[in-house]
Each structure stands twice: as structure tokens, then as C-alpha cells.
Amino acid sequence: MATPHIAAERGDFAPAVLMPGDPLRAKRIAETVLEDARQVNNVRGMLAYTGTVDGKPLSVMGSGMGQPSITIYATELFSQFDVERIIRVGTCGGLSPKVKVGDVVIGVGAHTESAMNVPRLPGVHFSAVASYNLVAAAAQRAGANAHVGTIISRDHFYLTPEGQNERLARYGVLGVEMEAAALYGVAAEFDKEALAVLTVSDNLLDSSEDMSSAERETLFEKALDAALAAAFC
């Protein structure tokens with residue numbers, strides 16, 4: 001039952017899907033984590049794989065960058081391929097002084113300036129929140145360097161209103177990324193589960209400890225381990 005963006009059949013995806021933004025990162029996760037991984041999608045280069053971890057089925061698929069992209073793939077996975085939970089595994093820019101580069105941020109809720117969730121409940125400011133059981137499982141596995149709290153999902157990567165990061169930090173927002181609020185909205189629409197587990201790749205208020213592009217691709221093992229705990233909780 002192929003969709004416009006996923007050339008797979010029902011049963012090709014496991015109930016739980018890990019979803020990094022980069023399809024090449026999805027390939028790398030599949031090669032290092034999954035046993036007997038098989039490719040189940042490559043439409044538009046958005047690679048997806050299904051295999052097992054300790055005998056339990058798991059899929060990994062890229063989402064692309066931004067809320068519109070992850071909304072397309074999450075909608076099709078939830079509505080057409082019997083997926084029950086999606087755990088975004090990605091990076092974020094740190095805002096809070098509590099978080100350091102390399103720490104894990106678990107997004108219990110995602111603010112956004114995007115209009116992606118506005119049509120869902122006209123007249124209501126939709127609260128984009130993660131599934132509590134996934135949050136609890138990921139936090140328990142991630143340990144001392146994990147921070148559970150709110151994040152913000154932005155549409156713009158380069159354009160930030162002056163002073164907004166500082167105000168968000170004062171309100172306790174832990175980090176900035178570009179997908180979680182939309183993912184949480186899609187999960188709510190289909191009565192499914194979702195979570196974002198993020199590695200802090202840079203500090204938006206202090207650039208002295210930013211990760212290199214190579215480090216962004218390799219230093220996410222702690223977040224991946226927490227995401228796996230959420231996938232199988």
C-alpha cells in the first residue's frame with residue numbers, strides 16, 4: 001500500500017519508528033543498531049529500514065528538515081502503515097544555562113511560532129506535548145545528563161527575532177529544533193505516541209562549545225540509547 005512518499009507495503013514498518021532528520025543518519029542507525037535490516041523506502045532519497053533489536057521489531061526512517069516534512073511522513077506512517085509510536089532522534093540548539101553541549105534534551109512539550117497545528121482546533125491554542133510513558137522511559141535510560149522540559153520548534157533556521165532566545169531561556173525553554181511540535185500534533189490527531197530525544201549540538205547564547213558538523217553525526221549515542229528505551233517501553 002504505497003503512499004505518495006513511501007513506497008512500502010503494510011507490514012513493512014514496525015510499530016515503533018526512530019526518526020532522525022537526516023536520511024543518511026537513518027541509514028547509519030540501521031547499520032549499527034538493527035539486526036537483519038532491510039530497506040523499505042527510498043522515495044525522494046528518504047531512506048527507511050526495518051529490522052530487529054534483541055528480537056523486537058524496529059524501524060528507522062528520515063524525516064527531512066522542518067515541520068511540513070515530518071508532518072507528511074508521520075501522517076502516512078500513522079494512518080497507512082500501522083505505526084504506533086515515532087521517536088524523533090535529532091539535535092537541538094541549547095538555550096537554558098542548565099544544558100551543555102553533548103547533553104540530552106527530552107522534549108516533554110514543544111512551543112512553536114509555526115502555523116502547522118493551527119488548523120487542528122480552530123480557536124484553540126493547541127498544546128504540542130509528548131507521550132508521558134515515552135518521556136518517562138527515555139529519561140530513566142538517559143540518566144544524569146538528561147534534561148526533561150520544553151523546547152521550541154521553529155520554521156526558520158536563520159531568522160530569529162531579536163531577543164527571543166533570551167526570553168525563551170527565561171521561561172525555561174531548554175532548546176531549539178525544527179520538527180517536534182508538528183510531530184506531536186500528528187500523533188494527537190491519530191491517537192498515537194510521539195517523543196523527541198535530542199542531543200545539544202550548540203549553545204545559541206554561547207558559541208564557544210559548539211559541535212563540529214562531524215561531531216553532530218557521531219555524538220548522539222546517549223540520545224539514541226534513550227530513544228531505544230522509549231521505542232520498547
Is any side-chain heavy atom of [X] less than 4.5 Å from a side-chain heavy atom of [Y]?
X: Phe232; Y: Leu58; answer: yes
X: Leu224; Y: Leu18; answer: yes
X: Val53; Y: Leu34; answer: yes
X: Cys92; Y: Thr199; answer: no
X: Glu179; Y: Met19; answer: no
X: Leu168; Y: Ile152; answer: yes
X: Asn41; Y: Asp12; answer: no

Quiz item: If you count the non-hydrogen atoms of other residues, nucleotides and ligands that lie under 6.0 Å from CD in Gln140, is the total more than 12?
Solution: no
At what distance, to the nearest 0.5 angstrom, does [atom1] of [X] lie from [atom2] of [Y]?
X: Gln67; Y: Ile72; atom1: CD; atom2: CD1; result: 12.5 Å
X: Thr112; Y: Arg154; atom1: OG1; atom2: CZ; result: 9.5 Å
X: Ile70; Y: Met61; atom1: CD1; atom2: CE; result: 10.5 Å
X: Thr150; Y: Tyr171; atom1: OG1; atom2: OH; result: 12.0 Å
X: Asn117; Y: His125; atom1: CG; atom2: NE2; result: 12.5 Å
X: Ile6; Y: Leu77; atom1: CD1; atom2: CG; result: 4.0 Å

Quiz item: If you look only at pairs with a residue in residues 54-63, which of them pass as a side-chain hydrogen bond (donor to acceptor under 3.5 Å, both in side chains), with sequence neighbours excluded?
Solution: Thr50-Ser59
Practice problem: Kindly determine whether Ser131 and Glu193 satisfy side-chain hydrogen bond (donor to acceptor under 3.5 Å, both in side chains), including the steps that lead there. | Solution: CA-CA 5 Å; Ser131 303; Glu193 297 179 316; 4.9 Å; no
Quiz item: Does Arg28 make a cation-pi contact with Phe220, if we ask for NZ or CZ under 6.0 Å from the ring centre and within 45° of the axis?
Solution: no
Exercise. Can you label the angle between the Tyr73 ring and the His5 ring as parallel, tilted or perpendicular, going by 30° and 60°?
Key: perpendicular
Exercise. Tell me who clusters with Leu121, hydrophobic residues only, linked when side chains sit under 4.5 Å apart either directly or through other members.
Key: Val124, Phe126
Practice problem: Each residue besides Val129 in its hydrophobic cluster should be listed here, by chain and number; the cluster joins Ile, Leu, Val, Met, Phe, Trp and Tyr at side-chain heavy-atom distances under 4.5 Å. | Solution: none
Self-check item: SB check Glu166 Arg170 (cutoff 4.0 Å)
Solution: no
Quiz item: So, for Ile86 and Val83, which heavy atoms are closest and what is the spacing to 0.1 Å?
Solution: CG1-CG1, 3.9 Å
